[in-house]
Chemist: 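Shown below is the structure under consideration.
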Amino acid sequence: MWKWLHPYAKSETVYQLCGKFLPWFSIMALLCLVIGTVWGLAFAPSDYQQGNSFRIIYIHVPSAIMSMGVYLSMAIAAFIGLVWQVRVSDMAALAMAPIGAVFTFIALITGAIWGKPMWGAWWVWDARLTSELILLFLYLGVIALYQAFDDPKMAAKAAGILAIVGVINLPIIHFSVEWWNTLHQGATITKFAKPSISSNMLWPLLISILGFAFFFAALTLIRLRNEIIQRERHRPWVIQLATQSQGEK
């Protein structure tokens, strides 16, 4: 069933595909981030309880969602690399890890800023916050394992196993507000039948989430291209690419 994917598992092919998709993802990321952020921060109505302090939601919620989405994507890439020995999948997982760590850090920082006026404290050992902090440690562990071995195969195997095992933390983060009595507010946009947020606040939030997703895709393509060039720098096609680049200059 994976035979049709084989041509796309070649480093050169993936490098070329990344170059084709990168401009589109970059443009979509810029448009969605500008529209969602400006709409949310400047034009969305203030919350009847939280006032204008709620507007941090347009950064906090997308970064929190992407922190989990990136981890799941990284774990899937690591799984493919472990099971089917696809080197490009290992490179993709390595490319995603720092991006996910930054999204998680942003989610924690913006959550603390939001929590101060709401809870009266920058940090509480709430189930949602604690499990999100564990997610950051998982990202850092994966990154550290990739750098801990001289052999890229051993590094990818060790980091991939940790990434796959760490997936168990994702449902804990998502359902923590339902499983335990926490200070963190419950679901808002995931209740599709009746979201607990006004539509004129919801739409800029959804656009911001799309913007973060496109931004993640663009950054991953850039990092994956760089990783491919670094790993394959002795291959003829990379040498030819470097020669052509120097010739154009």
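Side chains included, hydrogens not; waters and symmetry mates left out as well; all remaining heavy atoms used.
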Chemist: Do W24 and L17 land in one hydrophobic cluster if side-chain heavy atoms of ILVMFWY residues count as linked below 4.5 Å?
Modeler: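 No; tracing contacts between hydrophobic side chains, which count when under 4.5 Å, never links both residues.
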Chemist: I need the full list of salt bridge (Lys or Arg N to Asp or Glu O under 4.0 Å) pairs touching residues 197-222, with sequence neighbours left out, sorted by first then second residue.
Modeler: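 Output for this query is empty, none listed.
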Chemist: In terms of the angle between their ring planes, are F21 and F25 parallel, tilted or perpendicular, with boundaries placed at 30° and 60°?
Modeler: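 Judged by the thresholds at 30° and 60°, the geometry between F21 and F25 is tilted.
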Chemist: Taking C-beta and beyond as the side chain, do M96 and V142 meet within less than 4.5 Å on heavy atoms?
Modeler: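 Side-chain contact under 4.5 Å: no.
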Chemist: Only pairs at least two apart or in different chains count here, so list each ring-ring contact (aromatic ring centres under 6.0 Å, His included) that has a residue in residues 87-111.
Modeler: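 Counting only pairs at least two positions apart or across chains, the ring-ring contact (aromatic ring centres under 6.0 Å, His included) contacts touching residues 87-111 are F103-F212.
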Chemist: Report yes or no: does R233 contribute a side-chain atom to a donor-acceptor pair with the main-chain N or O of Q230 at less than 3.5 Å?
Modeler: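 Yes.
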Chemist: Roughly how far, to the nearest 0.5 Å, is CG of D151 from NZ of K157?
Modeler: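 Here the interatomic distance stands at 11.0 Å.
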Chemist: Going by the ring-ring contact (aromatic ring centres under 6.0 Å, His included) test, which pairs reach into residues 144-171, not counting sequence neighbours?
Modeler: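 Every candidate ring-ring contact (aromatic ring centres under 6.0 Å, His included) pair involving residues 144-171 fails, so no pair, neighbours aside, qualifies.
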Chemist: May I ask whether I109 and W125 are part of the same hydrophobic cluster, defined by side-chain heavy atoms of I, L, V, M, F, W, Y residues being less than 4.5 angstrom apart, directly or through others?
Modeler: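 Result: yes, single cluster for both.
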Chemist: Which atoms form the tightest heavy-atom contact between I113 and P117, and what is the distance?
Modeler: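 Closest approach of I113 to P117, heavy atoms only: O-CD, 3.1 Å.
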Chemist: Just by distance, do the side chain of N169 and the backbone of S131 share a donor-acceptor pair under 3.5 Å?
Modeler: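 Yes, because the side chain of N169 sits within donor-acceptor range (under 3.5 Å) of the backbone of S131.
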Chemist: Once side-chain hydrogen bond (donor to acceptor under 3.5 Å, both in side chains) is applied, do any residues pair with N52, and if so which ones, sequence neighbours excluded?
Modeler: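 Listed in chain order: R55.
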Chemist: Using residues 32-44 as the side-chain source, report each donor-acceptor pair under 3.5 Å to any protein atom, sequence neighbours left out, with the distance given to one decimal.
Modeler:
| residue | atom | partner | partner atom | Å |
| --- | --- | --- | --- | --- |
| T37 | OG1 | L33 | O | 2.6 |

Chemist: What's the separation between atom CG in L94 and atom CG in L145, rounded to the nearest 0.5 Å?
Modeler: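 Separation between the atoms: 11.5 Å.
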Chemist: Find out whether L206 and W203 are in side-chain contact, i.e. whether some heavy atom of one side chain is under 4.5 Å from a heavy atom of the other.
Modeler: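 Yes, at least one pair of side-chain atoms sits under 4.5 Å.
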Chemist: Can you name the closest pair of heavy atoms from T110 and I106 and give their distance?
Modeler: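 Where T110 meets I106 most closely, the heavy atoms are OG1-O, 2.7 Å.
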Chemist: Is L224 reachable from W237 through a run of hydrophobic residues whose side-chain heavy atoms are each under 4.5 Å from the next?
Modeler: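 As far as the 4.5 Å side-chain criterion goes, L224 and W237 are connected within one cluster.
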Chemist: Kindly indicate whether the side chain of I57, heavy atoms from C-beta on, has any atom under 4.5 Å from the side chain of W114.
Modeler: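 Heavy-atom side-chain distance check passes, below 4.5 Å.
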Chemist: Are F54 and W122 joined in one hydrophobic group, where the rule is that I, L, V, M, F, W and Y side chains link up if heavy atoms are under 4.5 Å apart?
Modeler: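 Yes; tracing contacts between hydrophobic side chains, which count when under 4.5 Å, links both residues.
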Chemist: What are the two closest heavy atoms between A218 and L22, and how far apart are they?
Modeler: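 That would be O-CD1, 3.5 Å.
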Chemist: Any donor and acceptor pair, going by atom type alone, linking the side chain of R225 with main-chain N or O of Y15 inside 3.5 Å?
Modeler: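 Checked: pair present.
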Chemist: Could you pull out all residues at least two apart from Q240 that satisfy side-chain contact (heavy atoms from CB on, under 4.5 Å)?
Modeler: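 Checked Q240 against side-chain contact (heavy atoms from CB on, under 4.5 Å); matches are Q244.
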Chemist: Under 3.5 Å, sequence neighbours excluded: what are the donor-acceptor pairs made by side chains of residues 62-79?
Modeler:
| residue | atom | partner | partner atom | Å |
| --- | --- | --- | --- | --- |
| S63 | OG | I59 | O | 2.8 |
| S63 | OG | H60 | O | 2.8 |
| S67 | OG | A64 | O | 2.5 |
| S67 | OG | E132 | OE2 | 2.8 |
| Y71 | OH | L162 | O | 3.4 |
| Y71 | OH | A163 | O | 2.9 |
| S73 | OG | G69 | O | 3.0 |

Chemist: Using the test side-chain hydrogen bond (donor to acceptor under 3.5 Å, both in side chains), find all partners of R223 that sit at least two apart in sequence or belong to another chain.
Modeler: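 With neighbours one apart ignored, the set is empty.
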Chemist: Got a sec, which hydrophobics cluster with L31, joining ILVMFWY side chains under 4.5 Å apart, including via others?
Modeler: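 In the cluster with L31 are I27.
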Chemist: Is there side-chain contact between W123 and L108, with at least one heavy-atom pair below 4.5 Å?
Modeler: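 With C-beta onward as the side chain, the pair touches.
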Chemist: Please lay out, stage by stage, how I56 and V61 fare under the test side-chain contact (heavy atoms from CB on, under 4.5 Å).
Modeler: CA-CA 8 Å; I56 201 170; V61 170; over 6 Å; no
Chemist: Taking C-beta and beyond as the side chain, do R231 and S11 meet within less than 4.5 Å on heavy atoms?
Modeler: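 A side-chain contact is absent here, since even the closest heavy-atom pair is not under 4.5 Å.
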Chemist: To the nearest 0.5 Å, what is the distance between CG (L133) and CG (D126)?
Modeler: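 If I round to the nearest 0.5 Å, the distance is 12.0 Å.
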Chemist: Would you mind listing every salt bridge (Lys or Arg N to Asp or Glu O under 4.0 Å) that reaches into residues 30-46, with sequence neighbours excluded?
Modeler: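 Salt bridge (Lys or Arg N to Asp or Glu O under 4.0 Å) check on residues 30-46 returns no pairs.
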Chemist: Are V102 and I143 connected in the hydrophobic side-chain network, where two residues link if heavy atoms are under 4.5 Å apart?
Modeler: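 Hydrophobic grouping puts V102 apart from I143.
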Chemist: Please identify each residue that fulfils side-chain hydrogen bond (donor to acceptor under 3.5 Å, both in side chains) with D47, with sequence neighbours left out.
Modeler: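 Once residues adjacent in sequence are excluded, D47 has no partner under the side-chain hydrogen bond (donor to acceptor under 3.5 Å, both in side chains) criterion.
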Chemist: Mind checking the CD1-CD spacing from I229 to E227? Nearest 0.5 Å is all I need.
Modeler: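 So the CD1 of I229 and the CD of E227 are separated by 11.0 Å.
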Chemist: Tell me the closest heavy-atom pair linking I161 and L82, and the distance in Å.
Modeler: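 Smallest heavy-atom distance, with atoms named: N-CD1, 3.9 Å.
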Chemist: Does CG in D150 sit with more than 12 non-hydrogen atoms of other residues, nucleotides or ligands closer than 6.0 Å?
Modeler: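 Open: at most 12 neighbouring heavy atoms sit under 6.0 Å from CG of D150.
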Chemist: Can you measure from CG (L140) to OG1 (T104) and round to the nearest 0.5 angstrom?
Modeler: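 L140 atom CG to T104 atom OG1 measures 8.5 Å (nearest 0.5 Å).
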Chemist: Nearest 0.5 Å please: distance from the CD1 atom of I172 over to the OG1 atom of T130.
Modeler: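 Going from the CD1 atom of I172 to the OG1 atom of T130 covers 11.5 Å.
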Chemist: Mind listing the side-chain donor-acceptor pairs of residues 86-93 below 3.5 Å, one per line with the distance, residues two or more places apart or on another chain?
Modeler:
| residue | atom | partner | partner atom | Å |
| --- | --- | --- | --- | --- |
| R87 | NH1 | E232 | OE2 | 2.9 |
| R87 | NH2 | E232 | OE2 | 3.2 |

